[in-house]
Each structure stands twice: as C-alpha cells, then as structure tokens.
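Only one structure is covered here, and it is reproduced in the block below.
Protein chains get the first letters and strands the later ones, always in sequence-line order, with residue 1 at the start of each.
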There are 2 protein chains.
Amino acid sequence: MLTEERHQIILKQLQLHNIVKLQDLIPLTGASESTLRRDLQDLEECHKLQRIYGGAQNILSYHDEPALSQKISTNTDEKDSIARYAGDLVQNNEVIFLDAGTSVQAIIPYLSKATDLLVVTNSVVNASILADYQIETFVPGGKLKASTKALVGSTTTKTLTAFHFDKAFLGTNGFSVKAGYTTPDPEEADTKKIALSNSNESYILADGSKLEQVSFTRFANLDEATLITNELPVKSLELLKTHTKVMEVK
Amino acid sequence: MLTEERHQIILKQLQLHNIVKLQDLIPLTGASESTLRRDLQDLEECHKLQRIYGGAQNILSYHDEPALSQKISTNTDEKDSIARYAGDLVQNNEVIFLDAGTSVQAIIPYLSKATDLLVVTNSVVNASILADYQIETFVPGGKLKASTKALVGSTTTKTLTAFHFDKAFLGTNGFSVKAGYTTPDPEEADTKKIALSNSNESYILADGSKLEQVSFTRFANLDEATLITNELPVKSLELLKTHTKVMEVK
DNA sequence: GGAAGATTATGATTGATTTTGAATGAATTT
DNA sequence: AAATTCATTCAAAATCAATCATAATCTTCC
C-alpha cells in the first residue's frame with residue numbers, strides 16, 4: 001500500500017468518525033505502528049488533521065463534544081459496543097448480510113478488519129457507507145421504502161432467495177419470549193425472514209430498550225437467531241437464555 | 001506494445017482507481033520497470049498525473065477534492081439551472097430513470113412538482129435523497145461501485161432491460177462531436193446504454209466544462225439523446241446542433 | 001527498393017535516496 | 001504504579017535516478 005493511499009484512508013476515517021485511533025488504523029492499512037505515526041505527523045504538518053493522544057482528530061471539530069480523549073478511550077455508546085462485538089465475529093472471506101437500521105449500520109466501521117468480505121444489504125444508506133469503506137457490496141433490487149430507506153418487495157425477496165450468507169446481522173423493533181422478534185412492516189419482515197433462513201448464522205442486534213417490546217409482524221422466533229444485546233436485568237437474561245443463545249456485551 | 005498504448009492504460013487505471021502502483025503496471029503492460037518509470041515521467045510533464053513514491057495518482061487527488069457534500073453545492077448555479085430545466089420536462093404519472101452523478105442528482109428537488117412519478121435509479125445516493133422527498137423509487141440490484149456509488153454489473157443491466165421509461169436523465173464525463181458521450185467505466189457505460197435504449201426520450205445533462213472532453217468508453221452517439229447544457233461558445237453550439245438536439249439553458 | 005547511419009525506445013545494472021518496521025527508553029494517561 | 005502511547009534511532013527493504021548497451025525504428029542516400 002502506498003503512502004498516499006494510507007493518507008486517504010486516514011482522512012476518510014476522520015471524515016466519517018471525526019476521530020480515529022492509531023490502533024484501528026493498523027488493521028485498516030496493514031502498515032506498522034511506526035509508519036502510521038509518521039503518516040499522522042505528515043498530515044498534521046499539512047494541517048489535514050490534529051494529532052491527539054492515541055490517534056488523531058478532525059481539525060474542525062466541535063467544541064461541545066465530550067472530551068475527545070475520553071471519547072476515544074471509552075465506548076460509552078451502547079449501540080456502538082454492540083456493533084463492535086458483532087463486527088468482531090466476522091471473519092475474512094465471508095459473505096454477510098446487513099439489514100437496514102441504525103443498529104446494524106454501526107457495525108460497518110468494524111468490518112474493515114476483515115479482508116475480502118462481500119456484504120449484501122437492502123439498505124441504500126448502508127450501501128453508501130460501505131462504499132466509503134471500500135467494502136465490496138451487493139445490493140438486491142427492489143422498491144424503496146421511504147421511511148427506513150430499505151429495499152423491499154418481491155424483487156428484493158426473489159433476489160435474496162438466490163443467495164447464501166455466512167452470517168446475517170439484523171435489527172428488530174422488539175424481542176420478547178412470547179412474541180419472538182417483531183417489526184412493524186410486513187414487507188420488511190419478509191426480507192428479514194429470507195436473510196435469516198439463508199444464512200449459516202444469524203444475529204439480532206438489539207439494545208435493552210427493545211426488551212419485551214412487541215410490534216406488528218413476527219419475523220422469527222427467539223431461537224432462530226443469536227441475540228446480541230447489552231446488560232439486561234438478571235431475571236430477564238436468565239429467562240431469555242432458556243430460549244435462545246444470548247451474547248451480552250460489557 | 002506501443003508507448004501510446006501504455007500511456008492509455010496508465011491513465012485508465014488512474015481514472016478507475018485514482019492511484020496506481022508502478023509494480024501493478026508491470027504485469028498490466030508487459031513493459032519493464034524502467035520503461036514505466038519513463039512513462040510516468042512523461043505523463044507528469046504533460047500534467048496528466050502526479051508521481052508519488054511507488055506509483056502515481058490523479059492530479060486532483062481525492063482529499064484535495066471538495067467533499068461530496070460540498071461538491072454538490074459548488075458549481076450550483078450552472079448545475080442547478082440545468083437540473084431545473086430538466087426537472088420541468090417531467091410530467092405527472094411518468095416513469096423516469098435517473099443516472100448516478102451530481103448533475104442528475106440536482107434534478108430531484110424539481111421532481112416534486114409532478115405527481116405519481118415512479119423513479120428508477122442505479123445510484124444509492126439518489127435513492128436515499130428520493131426517499132427524503134417521498135418520491136416512489138425503485139432500485140435495480142447490482143454490484144456497488146465504490147467511487148461513484150452506482151450499481152453496475154450483470155444484475156443491474158438484466159433488471160433494467162425489463163423496464164421501460166418515459167424519460168431517462170443521464171450524466172456524462174464528456175461530450176464531443178467525434179467521440180459522442182463518453183465515461184471512464186465500461187460497466188457504468190453499459191448501464192447508461194440500456195437506460196437510454198429503453199427510454200422514449202433520453203436527456204444528457206452536462207455543463208460546458210464537459211465540452212470536447214473524451215473519456216474511455218462511449219455509451220452513446222451524440223444524436224441518440226438530447227443534450228441539456230448551459231451557455232457554450234457559439235461556434236461549438238452551431239456545430240453540435242448539426243449533429244443532435246441541444247437545449248441551452250439560460 | 002534496400003543498405004548504412006542516425007535516432008529513439010527499451011531493459012538491465014548501479015549506487016543513492018526514501019520508506020519501512022522493530023527496538024529502545026522517555027513521556028503520558030489511568 | 002501499571003499500562004499505553006510516544007519520539008528517536010537504526011538496519012533492512014523498497015524505490016528512485018542515472019547510466020549504458022542493445023534492439024527497434026526512422027532517415028537518408030544510393
């Protein structure tokens with residue numbers, strides 16, 4: 001990888017995240033720590049970024065953000081920690097499906113560690129972000145649902161039926177022992193069902209706020225996918241674990 | 001292989017990847033390292049590229065380019081007046097195709113006047129914006145091309161082949177009397193070709209800076225579409241009008 | 001039309017320059 | 001006080017510019 005390519009990757013990361021850790025750049029570029037330190041030095045001299053302890057930040061960053069040194073070291077955001085956990089599950093060379101929705105979207109930055117991925121997503125927003133990360137992406141066709149910017153309908157389901165995934169990552173509007181995983185829109189539920197049944201392993205990303213929420217359409221029973229969530233009340237967790245595999249983050 | 005052929009290969013690689021390694025050019029051209037170094041020297045002297053350690057990059061390197069969001073707002077006046085003109089052509093109840101690219105993207109705000117549209121686009125960015133405007137949208141499936149965020153490949157072309165449009169609006173990297181409408185990527189050219197041939201009326205949106213620019217792949221002859229552009233030198237305009245229908249805005 | 005000479009392009013070799021990754025100890029954070 | 005992160009140094013690796021001999025192409029002249 002050429003110097004200029006690394007510089008572009010670093011600046012792209014900053015555009016997207018406003019901040020970047022040096023350690024995260026290592027797998028992203030394949031370069032050594034020393035080289036990346038030199039890159040950060042160079043870019044700082046050109047006033048393209050500002051170095052901070054542990055990495056670098058955008059030169060135009062807002063003052064009202066939480067202390068940057070904290071933000072970089074601690075991952076307070078629940079969605080982000082769930083996403084990071086999920087992203088670490090992905091291996092080189094896999095074909096994975098990403099559902100629409102912000103929970104799943106947060107995985108994308110953590111996919112860069114794996115190489116030679118093929119990502120299939122029915123979200124045009126996810127697709128755009130995946131392109132920013134230079135991750136090979138395939139989009140099934142379909143009708144665009146305005147509210148969620150997800151592709152749905154017969155074209156989508158027909159296309160997805162022909163695919164097979166190593167792992168599928170889905171969001172949900174609610175999960176409950178009685179009702180399973182539910183979502184408001186039957187058409188989106190169809191998409192989720194197919195992705196789920198065509199994947200070796202399926203994961204649902206859902207923070208604690210989705211516990212015992214029930215929406216209109218069930219797209220899966222609890223035991224059809226692994227639930228990745230954050231800290232839940234001990235009682236609920238115990239109950240859930242009798243029905244399905246649960247990964248509790250942090 | 002002739003010198004000129006090698007130069008074309010090098011420039012094509014740059015158009016596609018924005019950056020190229022000298023080592024990658026060796027198998028691509030079959031020439032020796034020394035020869036390719038000389039090629040890069042020559043092309044740099046003609047200001048066709050910029051040499052960097054290990055290879056070369058486009059003169060307008062990525063991070064010097066205005067960010068995508070800025071890029072939309074700069075040049076607004078010309079692009080926007082062209083887009084407004086194009087948008088006014090759209091009637092109620094029509095099915096239209098929107099190409100990827102900022103010129104075409106600028107049409108979207110002006111589509112809201114027409115009712116009951118169905119828009120088909122191969123750009124995930126356009127799709128997202130169309131959703132914001134609550135315009136009914138269909139996206140053909142396909143491989144996502146990272147640099148332009150356009151969907152390309154056999155799935156895309158196959159899907160589009162089954163459709164028929166009232167009007168198609170396309171961007172171009174250049175237009176010229178000799179070379180017609182051209183674009184760097186052959187796969188994107190395929191998509192444009194099909195959209196064009198499956199549409200009752202086809203329009204190319206291009207500001208004056210595209211005049212007499214020639215890119216790698218021709219996707220249409222001048223007379224296969226109506227050109228919507230802004231003020232051009234009178235001579236060029238007269239010449240163009242002998243070859244195709246031209247709409248001059250402003 | 002063809003041969004001799006001049007010009008140009010090519011590929012290999014050389015040593016100089018630049019970049020890289022690892023190691024060390026100092027500085028910083030928690 | 002422990003753990004990271006940082007700056008500095010150094011040797012190895014990669015890339016570069018310059019040179020030279022050879023091959024290809026073009027001129028010129030017979």
Side-chain angles (χ1 to χ4, degrees), chain A residues 1-11 13-14 17-59 61 65-77 80-81 84 88 109-110 112-113 115 250, chain B residues 1-14 17-59 61-63:
Chain A
M1 167 154 321
L2 267 43
T3 307
E4 196 59 33
E5 287 182 277
R6 289 197 312 274
H7 287 189
Q8 288 183 14
I9 288 177
I10 294 168
L11 293 174
Q13 288 296 312
L14 281 175
H17 296 340
N18 232 20
I19 203 165
V20 66
K21 285 193 242 187
L22 189 140
Q23 291 303 325
D24 289 345
L25 289 172
I26 294 177
L28 224 57
T29 59
S32 71
E33 193 178 307
S34 302
T35 300
L36 286 164
R37 281 188 197 290
R38 275 183 284 252
D39 285 340
L40 294 185
Q41 278 180 358
D42 295 345
L43 290 170
E44 184 170 44
E45 279 184 18
C46 311
H47 304 287
K48 297 280 177 63
L49 55 73
Q50 181 180 352
R51 294 186 70 186
I52 55 177
Y53 199 85
Q57 69 180 8
N58 238 325
I59 223 152
S61 80
E65 281 193 67
L68 292 149
S69 51
Q70 289 181 358
K71 194 175 171 187
I72 200 168
S73 50
T74 62
N75 243 330
T76 44
D77 191 11
D80 197 68
S81 53
R84 170 180 293 231
D88 285 343
Y110 301 111
S112 328
K113 297 176 190 168
T115 60
K250 247 191 339 182
Chain B
M1 165 155 324
L2 267 45
T3 307
E4 194 55 34
E5 287 181 88
R6 289 198 311 274
H7 286 192
Q8 289 304 320
I9 289 178
I10 293 169
L11 293 175
K12 179 185 149 202
Q13 288 297 313
L14 278 177
H17 301 122
N18 223 20
I19 213 167
V20 66
K21 300 192 229 305
L22 189 139
Q23 292 302 326
D24 291 345
L25 288 172
I26 294 177
L28 228 56
T29 59
S32 73
E33 195 177 304
S34 301
T35 300
L36 286 165
R37 280 187 200 291
R38 276 183 282 254
D39 286 339
L40 294 185
Q41 278 180 358
D42 296 346
L43 290 169
E44 185 172 42
E45 280 183 17
C46 313
H47 304 286
K48 296 282 179 59
L49 54 73
Q50 180 182 354
R51 293 187 71 187
I52 55 179
Y53 200 85
Q57 69 180 155
N58 256 326
I59 291 262
S61 76
Y62 185 79
H63 60 262

- [ ] Mind checking B:Ile52 for me? I need base, sugar-phosphate or nothing, with any heavy atom below 4.0 Å counting as a touch.
- [x]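 Sugar-phosphate only.
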To the closest 0.5 Å, what do you measure between [atom1] ([X]) and [atom2] ([Y])?
| X | Y | atom1 | atom2 | value |
| --- | --- | --- | --- | --- |
| B:Ile10 | B:Lys48 | CD1 | NZ | 11.0 Å |
| A:Gln41 | A:Glu45 | CD | CD | 7.0 Å |
| A:Asp39 | A:Leu25 | CG | CG | 8.5 Å |
| A:Thr35 | A:Ile26 | OG1 | CD1 | 9.5 Å |

Task: Donor/acceptor link under 3.5 angstrom from A:Arg37 side chain onto base of C:dG21 - done: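 No such pair is found, so the answer is no.
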Open item on the list: Does D:dA7 have its OP1 or OP2 closer than 4.0 Å to a side-chain nitrogen or oxygen of A:Arg51?
Closed with: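 It does, given that an N or O in the side chain of A:Arg51 lies less than 4.0 Å from OP1 or OP2 of D:dA7.
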I need the [atom1]-[atom2] distance between [X] and [N], as an integer number of Å.
| X | N | atom1 | atom2 | result |
| --- | --- | --- | --- | --- |
| A:Leu25 | D:dT5 | CG | C1' | 14 Å |
| B:Leu22 | C:dG11 | CG | C1' | 14 Å |
| B:Leu40 | D:dT15 | CG | P | 13 Å |
| B:Glu33 | D:dT19 | CD | C1' | 15 Å |
| A:Asp39 | D:dA7 | CG | C1' | 16 Å |
| B:Glu44 | D:dC16 | CD | P | 11 Å |
| A:Leu36 | D:dT5 | CG | P | 13 Å |
| A:Arg6 | D:dA14 | CZ | P | 15 Å |

Heavy atoms from C-beta onward define the side chain here; which of [options] lies closest to that of [X]?
| X | options | answer |
| --- | --- | --- |
| A:Tyr53 | C:dA9, C:dG21, C:dT28 | C:dT28 |
| B:Ser32 | C:dG21, C:dA12, D:dT15 | C:dA12 |
| B:Ser34 | C:dT19, D:dA17, C:dT13 | C:dT13 |

- [ ] Ignoring hydrogens and angles, tell me if any N or O in the side chain of B:Gln13 forms a donor-acceptor pair with the backbone of B:Val20 under 3.5 Å.
- [x] no
Open item on the list: Both A:Leu2 and A:Gln41 contact DNA chain D. Taking the nearest nucleotide for each, which residue is further toward the 5' end?
Closed with: A:Gln41
Task: Along DNA chain D (nearest heavy atom to each residue), the more 5'-positioned of B:Gln23 and A:Arg38 - done: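 Its nearest nucleotide lies further toward 5', so the answer is A:Arg38.
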